[in-house]
Participant: 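This is the structure I have questions about; it appears just below.
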Amino acid sequence: MQRMAHWGVVLGLLAGYASAQSVSLHFDADREFAFRGDVVTWTVYASFTGFDDPTAYIGGFVGDAWVEGSDARVVSFENLMSGAGASPRFVGGHLKGINIFNTALLGTNDPSNPIPIFRVGTEIETFLATNMNAGGTISVLANDDLLTEPTLFAEFTVTSDLVNLPGPGGACVLAVGCGLAGRRRAG
């Protein structure tokens with residue numbers, strides 16, 4: 001009976017340890033404002049928590065990324081990891097079939113945390129605020145041992161910068177507002 005209680009504690013601790021592991025993606029925009037026809041470049045950073053070995057690293061990302069909040073089309077992709085399984089497809093505002101990785105086998109394991117994993121360029125087509133999102137699987141390797149199996153995360157947090165895309169009406173209101181404020185100060 002005591003042995004069963006001991007295994008219950010061990011399993012409980014392992015479950016708690018596993019639940020403390022997480023990954024996230026962040027889309028970092030190269031600008032705060034853009035207009036129709038402008039290309040916004042997003043650098044995507046992956047990060048992880050809950051892995052104690054200092055040689056732990058992001059192994060890869062397999063999935064899709066897409067524009068949210070406005071109409072934009074994907075116009076470029078740059079893999080910032082060492083390998084790729086296939087080139088992703090640009091389908092309107094979607095980047096489909098991303099398959100990128102780093103690996104200790106090739107000596108490209110990088111324990112940087114966060115680490116930039118790819119860039120995507122989007123050409124703005126409407127005057128609205130826009131951000132990015134993603135879905136798929138992120139792998140993390142707990143250390144740089146060649147035989148380490150990756151921990152796969154199909155659920156992860158995604159955060160994104162917000163790029164404001166003021167329309168012509170918004171720009172006019174802003175210009176008139178600034179003009180009135182300037183006139184009041186002068187008078």
Participant: Just wondering, do Thr130 and Thr122 contact through their side chains at under 4.5 Å, heavy atoms?
Facilitator: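 With C-beta onward as the side chain, the pair stays apart.
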Participant: Short question: side chain of Ser47, backbone of Asn113 - any donor-acceptor pair under 3.5 Å?
Facilitator: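 Judged by distance alone, no pair lies under 3.5 Å.
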Participant: Asp71 side chain to Thr126 main-chain N or O, any donor-acceptor pair under 3.5 Å?
Facilitator: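 No; judged by distance alone, with no hydrogens or angles, the pair does not exist.
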Participant: My understanding is that a hydrophobic cluster links ILVMFWY residues whose side chain heavy atoms are under 4.5 Å apart, including indirect links. Using that, what else belongs to the cluster containing Val75?
Facilitator: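 Hydrophobic cluster check, Val75: joined to Val39.
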Participant: Test your reading of the model: is there a side-chain donor-acceptor pair from Thr137 to the backbone of Phe153, 3.5 Å cut-off?
Facilitator: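 Here the side-chain-to-backbone pair does not exist.
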Participant: Just wondering, do Asp28 and Trp42 contact through their side chains at under 4.5 Å, heavy atoms?
Facilitator: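 They are not in contact (no side-chain heavy atoms under 4.5 Å apart), so the answer is no.
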Participant: Does some side-chain heavy atom of Val67 sit less than 4.5 Å from a side-chain heavy atom of Met132?
Facilitator: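 Contact flag for Met132/Val67 side chains = yes.
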Participant: Any sub-3.5 Å donor-acceptor pair from Asp161's side-chain atoms to Ala29's backbone N or O?
Facilitator: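 Between the backbone of Ala29 and the side chain of Asp161 there is a qualifying donor-acceptor contact (under 3.5 Å).
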Participant: Leu152 and Ser139: which non-hydrogen atoms are nearest, and at how many Å?
Facilitator: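 Taking Leu152 first and Ser139 second, the nearest heavy atoms are CD2-CB, 3.6 Å.
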Participant: For residues Phe48 and Ala56, report the shortest heavy-atom separation together with the two atoms involved.
Facilitator: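 Nearest pair, atom of Phe48 first, then Ala56: CZ-O, 3.6 Å.
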Participant: Are the side chains of Asp110 and Tyr57 in touch, meaning some heavy atoms are under 4.5 Å apart?
Facilitator: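 In short, these two side chains do not touch, never coming nearer than 4.5 Å.
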Participant: List the atom of Ala134, the atom of Phe156, and the distance in Å for their closest heavy-atom pair.
Facilitator: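 Where Ala134 meets Phe156 most closely, the heavy atoms are O-CE1, 4.2 Å.
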Participant: In Å and rounded to the nearest 0.5 Å, what is the CD to CG distance from Glu68 to Asn131?
Facilitator: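 Reported to 0.5 Å precision, the distance equals 5.5 Å.
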Participant: Going hydrophobic residue to hydrophobic residue with side-chain gaps under 4.5 angstrom, can you get from Ile58 over to Phe61?
Facilitator: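 Cluster IDs for Ile58 and Phe61 match.
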Participant: Let me have the donor-acceptor pairs involving side chains of residues 80-105, under 3.5 Å, with sequence neighbours excluded, atom names and distances please.
Facilitator:
from	atom 1	to	atom 2	distance (Å)
Ser82	OG	Phe101	O	3.2
Ser82	OG	Asn102	OD1	3.2
Ser82	OG	Thr108	OG1	2.9
Asn102	OD1	Ser82	N	2.8
Thr103	OG1	Leu105	N	3.2

Participant: Report the residue from Asn109, Asp52, Thr148, Asp53 that forms a side chain to side chain donor-acceptor pair (under 3.5 Å) with Asn143.
Facilitator: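 Single pass found, and it is Thr148.
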Participant: If hydrophobic clusters are built by linking Ile, Leu, Val, Met, Phe, Trp and Tyr wherever their side-chain heavy atoms come under 4.5 Å apart, do Val62 and Val23 end up in the same one?
Facilitator: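 Looking at the clustering, Val23 is in a separate group from Val62.
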Participant: Transitive ILVMFWY cluster of Leu147 at side-chain heavy atoms under 4.5 Å: who else is in it?
Facilitator: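 Its cluster partners, ordered by chain and number, are none at all.
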Participant: Do Thr41 and Arg119 meet the criterion of a side-chain donor-acceptor pair at a distance under 3.5 Å?
Facilitator: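 Looking only at side-chain atoms, Arg119 and Thr41 do not form any donor-acceptor pair under 3.5 Å.
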Participant: Could you report the tightest heavy-atom contact between Leu141 and Gly59, atom names first, then the distance?
Facilitator: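 Closest pair (atom of Leu141, atom of Gly59, distance): CD1-CA, 3.5 Å.
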Participant: For side-chain contact (heavy atoms from CB on, under 4.5 Å), just list the numbers for Thr157 and Leu25, CA-CA rounded to whole Å, side-chain angles, deciding distance to a tenth of an Å, and then say yes or no.
Facilitator: CA-CA 6 Å; Thr157 303; Leu25 292 181; over 6 Å; no
Participant: Any side-chain to backbone donor/acceptor pair from Ser24 onto Val158? Under 3.5 Å, distance only.
Facilitator: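 No.
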Participant: Which distance, rounded to the nearest 0.5 Å, do you find between the OG1 of Thr49 and the CD of Gln21?
Facilitator: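 Output value for this atom pair is 8.0 Å.
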Participant: Hey, does Asp38 have a side-chain heavy atom less than 4.5 Å from the side chain of Arg31?
Facilitator: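 They are in side-chain contact.
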Participant: Between the side chains of Glu125 and Arg73, is the shortest nitrogen-to-carboxylate-oxygen separation below 4.0 Å, so that they form an ion pair?
Facilitator: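 Yes, charged N to carboxylate O under 4.0 Å.
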Participant: Any link between Tyr45 and Val40 through a network of hydrophobic side chains (Ile, Leu, Val, Met, Phe, Trp, Tyr) touching at under 4.5 Å?
Facilitator: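 In one cluster with Tyr45: Val40, no.
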Participant: Do Phe51 and Val140 have side-chain heavy atoms sitting under 4.5 Å apart?
Facilitator: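 When only atoms from C-beta onward are counted, Val140 and Phe51 do touch, with a gap below 4.5 Å.
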Participant: Assigning hydrophobic clusters by single linkage (Ile, Leu, Val, Met, Phe, Trp, Tyr; side-chain heavy-atom cutoff under 4.5 Å), is Trp66 placed with Val44?
Facilitator: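 Each belongs to a different hydrophobic cluster.
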